[in-house]
Amino acid sequence: MSKPLVIVESPAKAKTISKFLGDEFVVRASVGHIADLPSKGLSVDVENSFKPNYELTERGATIVRELKAELKNASVLYLATDEDREGEAIAAHLFEYLKPKVETKRMVFHEITKAAIDEAIAHPRNIDMKLVDAAEARRILDRLFGYEVSPILWRKVNRGLSAGRVQSPAIRLVVEREQERMAHVSAAYWDLEAATTTDPKFTATLQSLDGKRIATGKDFDSLGVAKDGIVVINEERANQLTAGLQGKSLDVRSVEEKPYRKSPKAPFMTSTLQQEGGNKLRITASEVMRLAQGLYEAGYITYMRTDAVILGAEALGAVRDEIINTYGDKFLATEPRVYKSKVKNAQEAHEAIRPSLPLRSPESLADELRPNELALYRLIWQRTLASQMSDTNGTTVTVKMGTVSAGTAPADCEFSASGTAISFPGYRQVYQEIADENEDEKEALLPALKVGDSVGIESITANGHNTSPPARYTEPTLVKRLEEEGIGRPSTYASILGTIINRGYVWKKG
DNA sequence: CAGTGAGCGAGCTTCCGCTTGACTT
C-alpha cells in the first residue's frame, strides 16, 4: 500500500510528527544538508556566472539512497524542511537528487502540533526558487571570501589560519574592545556616603555640591576627562567635606514617589538561552547546546536552534492555564504578551525554546533528568512561564536632603537615596533576571520622610574610585553582540567561539 | 669518498550553515 512520504530535517522532529500523522504517513529526516560544495578547491565557477558545484555529501548519499527506497512505495512526496533560507535549499536539493516520479509538494509549519501539521498538509506550496538562490548565493559568497583570503594568511602569517565572513568580524569585535581597553585612561574620583540615624537607617550618596552634580564613573570619557559642568571630587576635597559634615544633620528637601513597573523578557531563543546558561548556570555555549539537544531529542523541549521568540497558539494557551493553576489569576498577564524577535534578518522558522506539551514542571522531572539537564530545563520553564505573567509592580521613593558643610571651603551638600518597595512580584515570582549593570535599583526600604524633616548623620564615609576600561567579552556577551550585529546563525554561535579560539586568534582567560 | 646544501615539485591547510553522533577532556 502506498503512503505519502514526508521529509523533515531532524530525526527527532520526524519521530514527533509521525505520532501526529499516524500510520497513514511515512516520515523521514534529511538530517540537515545533503549536498554541499566539496571542501577541496573553490568549487565555484567564477568565469561562468559563479555557478556552484554542489555534490552530495558522503552522508547525504546514504540518506538519498534510503529515501529513494522509501519513495518507491510513496504516493506523494512532502518536502517539509524548515521554512527558512537553508531549509528551502535542502528541499530543492532533495528534489534534485531524489528525482521523484510522484507528485511533490512543499509543506511548512512553524510549530509542531497536530493542528499546525494538519494545516500544513492541507495547504502545501511550491519550492521558492528565489529563497533557494539566496541560500546558494550565501554559500558561494562564504566560499569565495573564506577560500580566497585564508591562503593569504598561510603565506603571510602561518599555515592553517583562516578568515571568513563570520569569524573575521567576530575577531574584529574582540580586537576593537582590546584597543579600547589599551587606549583607556583611568580617572580617579571620590564620593561620600552618609549613614543616617533614622529607623530603619539608610545610606545616602552625595549628589551635588552647590547645585553642581558630582561625578560618578559614567561621567568620564575613555580619556579620563569628566563631562562639562560636572564636579570631580579628589581625595583632599572628600576629606574636607567629611570633616565639614561632622555633627551636622540633613534637611529633607524633596520626597518623590514614582511607580515602579517591570515587564518580563521574551521566551528563549538560541542566543538568549546561551547567554543565560552562561550567566546563571555558568556553562559554556556549546555545553548549553549539548544539554538542550538531549532535552529536545527526549521530547522535553522544543527545537533549540531558533531565532524566534514566539509561542505557538497551543503552547500559549497551555502556559497561561499553567500560570492560573499554579499562581492564580493575578499573576497572569491580562492580555497574551506577543514578542517579536529583535534579531537582524530573523528567519523565525520555529517557535521559541520552551517546554514541550503537555507541560511538565521541573519538579515532576527531577527523577528523570540529570542535574545539569534539569537545571537548564528549569531555566527554560521559568522563562517561558514568566513571559506570560503580569508585571512586577511597586513604588520607588527618592529622597533628596542636604546641608551646608563647615570648615574649609564650605559648600552646600545634597545627598540622595532611593528605595523600591515591591508591592506585587508578578513574573518575578518565577524568574529573576540578573540585574543589568546600568540599572541600580536598590530594593532598600526608606523610613517615612517628609519635606522639612531633619535626618541625623551617623557617619560619613569617603570612598575613592578609579574608572575602569570597558570589560572584555565573555562567551555570553560575545554571543549577544554577534546576534545583535546579525553575524552567524543559531546553529553556529557556539562553534564560532570554538573556531576563533582554535586558530589562536583569541583565548579564554580566567 | 662521504657528507652537505641547493633546488625542485607535490601535497596540505581554509569558508558557513544544516543536522547528529563519535570522539576526547
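Computed from a predicted model, the values in this text were never measured in an experiment. FYI, side chains are in, hydrogens and waters are out, and symmetry mates aren't considered; it's all heavy atoms of this structure. Chain A is the first sequence line, chain B the second, and so forth, proteins listed ahead of strands; every chain is numbered from 1.
Contacts of A:Phe220 classified as ring pair (Phe, Tyr, Trp, His ring centres under 6.0 Å), with partners at least two apart in sequence or in another chain: A:Tyr189.
Between A:Glu485 and A:Arg172 there is no salt bridge, since no side-chain N of the basic residue sits under 4.0 Å from a carboxylate O of the acidic one. At a threshold of 4.0 Å, the pair A:Asp391-A:Arg337 counts as salt-bridged, since one of the basic side-chain nitrogens sits closer than that to a carboxylate oxygen. A salt bridge is absent between A:Glu66 and A:Arg28: the closest approach of a Lys/Arg side-chain nitrogen to an acidic carboxylate oxygen does not fall below 4.0 angstrom.
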Quiz item: What one-letter contact string describes nucleotides 7-16 of chain B from 5' to 3', where B marks a base within less than 4.0 Å of any protein heavy atom, S marks contact via sugar-phosphate atoms alone, and - marks no contact?
Solution: -----BBBBB

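Under the 30°/60° scheme for interplanar angles, the aromatic rings of A:Tyr78 and A:Phe25 are found to be tilted. Classified by interplanar angle (parallel below 30°, tilted 30° to 60°, perpendicular above 60°), the ring pair A:His93/A:Tyr54 is tilted.
Rounded to whole angstrom, the span from the CD1 atom of A:Ile140 across to the P atom of B:dG17 amounts to 15 Å. Whole-Å rounding puts the A:Lys508 NZ to B:dT25 C1' distance at 13 Å. Taking atom CD of residue A:Glu287 and atom C1' of nucleotide B:dT24, one finds them 14 Å apart after rounding to whole Å. As a whole-Å value, the separation of A:Met289 CE from B:dG17 P is 14 Å. Protein atom CD1 of A:Ile34 is 16 Å distant from nucleotide atom P of B:dT20, rounded to whole Å. Nucleotide B:dG21 holds its P atom 8 Å from the CD atom of A:Gln293, rounded to whole Å. Rounded to an integer number of Å, the gap from CG of A:Asn502 to P of B:dT25 is 13 Å. Atom pair A:His93:NE2 and B:dT19:C1' shows a separation of 15 Å (rounding to whole Å applied).
Judged by a 6.0 Å distance limit and a 45° cone about the ring axis, A:Arg165 is not positioned over the six-membered ring of A:Phe145. The cationic group of A:Arg177 lies under 6.0 Å from the six-membered ring centre of A:Tyr473 and within 45° of the ring axis, placing it in a cation-pi geometry.
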Practice problem: Begin from the C-alpha positions of A:Arg290 and A:Glu287 and carry the test salt bridge (charged side-chain N to carboxylate O under 4.0 Å, His left out) through to its verdict. | Solution: CA-CA 5 Å; A:Arg290 210 181 57 76; A:Glu287 179 68 2; 3.2 Å; yes

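Here A:Ser10 reaches the OP1 or OP2 of B:dT20: one of its side-chain N or O atoms lies under 4.0 Å away. When the side-chain nitrogen and oxygen atoms of A:Arg305 are compared with OP1 and OP2 of B:dT20, one or more of them lie within a distance under 4.0 Å.
A heavy-atom distance below 4.0 Å to DNA chain B is reached by these residues of residues 43-67 of chain A, ordered by number: A:Arg59.
Nearest nucleotide to the side chain of A:Tyr296, out of B:dC18, B:dT20, B:dT19: B:dT20.
Checking A:Arg290 against A:Asp82, the closest nucleotide of DNA chain B that is more toward the 5' end is the one next to A:Asp82.
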